[in-house]
Number of protein chains: 2
Amino acid sequence: MISSAEEYYKDESKMHVATDCIVFGFDDGELKLLIFKRRVAPKKGAWSLIGSFVQINEDVDNAARRVLKEITGLDNVFFEQSLTYGKADRDDGARCISVAQFALIRIDEYDRELTEKHGAYWYKLDELPDLVLDHDQMVIDALAKLRRKAKHQPIGFELLPEKFTIPQLQSLYEAIFQRNLDPGNFRKKVLSFKVLKKLDEKDKSSSKRGAYYYRFDHENYKKLLESGYNFEIL
Amino acid sequence: MISSAEEYYKDESKMHVATDCIVFGFDDGELKLLIFKRRVAPKKGAWSLIGSFVQINEDVDNAARRVLKEITGLDNVFFEQSLTYGKADRDDGARCISVAQFALIRIDEYDRELTEKHGAYWYKLDELPDLVLDHDQMVIDALAKLRRKAKHQPIGFELLPEKFTIPQLQSLYEAIFQRNLDPGNFRKKVLSFKVLKKLDEKDKSSSKRGAYYYRFDHENYKKLLESGYNFEIL
DNA sequence: TCAAAAGTGTTCAAAATACACCCATGA
DNA sequence: TCATGGGTGTATTTTGAACACTTTTGA
């Protein structure tokens, strides 16, 4: 009696499966990427995305969760699958496919010591060094995904602190889309969705008058989504 | 001297990697899916997407190309990656991850004998039987992708014959989005993109007056894309 | 000649865009 | 008091949805 599919598959070849995370952050008006310098062979000293092999009993997305936790110290990082890279010759000599993960983190929250301990650093997107293997392409594809998503979902909030001002949000969108937006119109648009709760507090760091803080209203967002609302930012 | 990454990875576990194709077609005003009835164990007799294991020296996308060619007889099927399914327990007993592929075919072009020879059949989307493993979820995700893409790219042309009429195109969009569209407004919108070449020929199969055939203008589409044009259908 | 689908034109409302202008405040 | 970013209001243009109307032709 055959009890496992494995017995039927036993003649089929097997490969290594890895997952690599493209981790975006936003700081100082700039989009940044978390990359790290390899400290062990192979490719010691080369810049790379953070990643890991998927363990034999581990879900692929759990492998990503594990990596993200290990490097940033954060438990609830927003991430979702990007593309899977499966060229036969992508990892010189070894057959290894990689499931890329698109992750967004609040740059104010991560654990600085932990990232440094792992040799990980934030790089401005336009100052990235060359990355190992096909990781450059992974970044290109993830950036396209970021733009696509940011246009139709209020995804940008994952990149800002819990409390943020409208001008901060605008500056994030300007960084994502690389163009200037009209402050008045941006404000009207983003408030029209009614997914921002205004707080009483102000941020005075960038103007004398100060800008009110807002908080993302997850409740209301879910409700609007379910009602079939179309979030079209820009 | 170590010459291959494999030697560094040798302690890491390996898994089977498969690719499964979600093949959409459009016929008779209805969206259809190409699925097949398994003729060998495991899961003999169950309905399944068409797929295959990825060979050790084969690119993942070439595996998909191979499968599509084998079943439909077509060489240039439009396809792109959907999601990768990597739960540890998804394929009872075996560790096997699957890269799902989203494919669109012109239902008038495929090789009927070949599909039948392989036990493959077209099913209306709303009459699909239960599929094996997590293939139901793959279909759900691919359908979401179809809707997303169809909204922003003139992807629908992949599902129609080379020559098609505006009313045919409208009926395709009505099938994808499950709602009725205004013929006048739809026509204006779709022609406004200027990616359709009007032919002199008419299709008289669905009206006495006949509707002009059009052909998709790939040249112009590319040009418009490069100029940053935003194709927003609906 | 008339029903039915193809195709055009008009109207009204909503949404995007541009931009003028007021507000608050610390230097 | 004034320069500066925050925030509001308004005029103009563009786009979208609704729908009336005209054309064509085989039954």
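Naming: A, B, ... by sequence-line order, numbering from 1 per chain.
- Salt bridge B:K151/B:E232: absent, no basic N to carboxylate O contact under 4.0 Å.
- Rounded to an integer number of Å, the gap from CG of A:D182 to P of D:dA11 is 17 Å.
- A salt bridge between B:K87 and B:D134 is absent, with no side-chain N of the basic residue lying under 4.0 Å from a carboxylate O of the acidic one.
- Phosphate proximity of D:dG7 to A:T165: absent, as no side-chain N or O sits under 4.0 Å from OP1 or OP2.
- In this entry the distance linking CZ of B:R187 with P of D:dT23 reads 15 Å, nearest Å.
- The one candidate from A:F231, A:Y229, A:F193 that meets the ring pair (Phe, Tyr, Trp, His ring centres under 6.0 Å) condition with A:Y221 is A:F231.
- The residue from A:F157, A:Y213, A:Y214, A:F216 that alone fulfils the ring pair (Phe, Tyr, Trp, His ring centres under 6.0 Å) condition with A:F164 is A:F157.
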Between protein and nucleic acid, restricted to nucleotides 25-27 of chain C and to nitrogen or oxygen atoms under 3.5 Å apart, what atom pairs and distances do you find?
{"residue": "C:dG26", "atom": "OP1", "partner": "A:K204", "partner atom": "NZ", "Å": "3.4"}

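- Side chains of B:D141 and B:Y85: a donor on one and an acceptor on the other come within 3.5 Å.
- Spacing between atom CG of B:N185 and atom P of C:dG9 amounts to 14 Å, rounded to whole angstrom units.
- Comparing A:L191 and B:R179 along DNA chain D, the residue whose closest nucleotide (by nearest heavy atom) sits nearer the 5' end is A:L191.
- Salt bridge B:R179/B:E174: absent, no basic N to carboxylate O contact under 4.0 Å.
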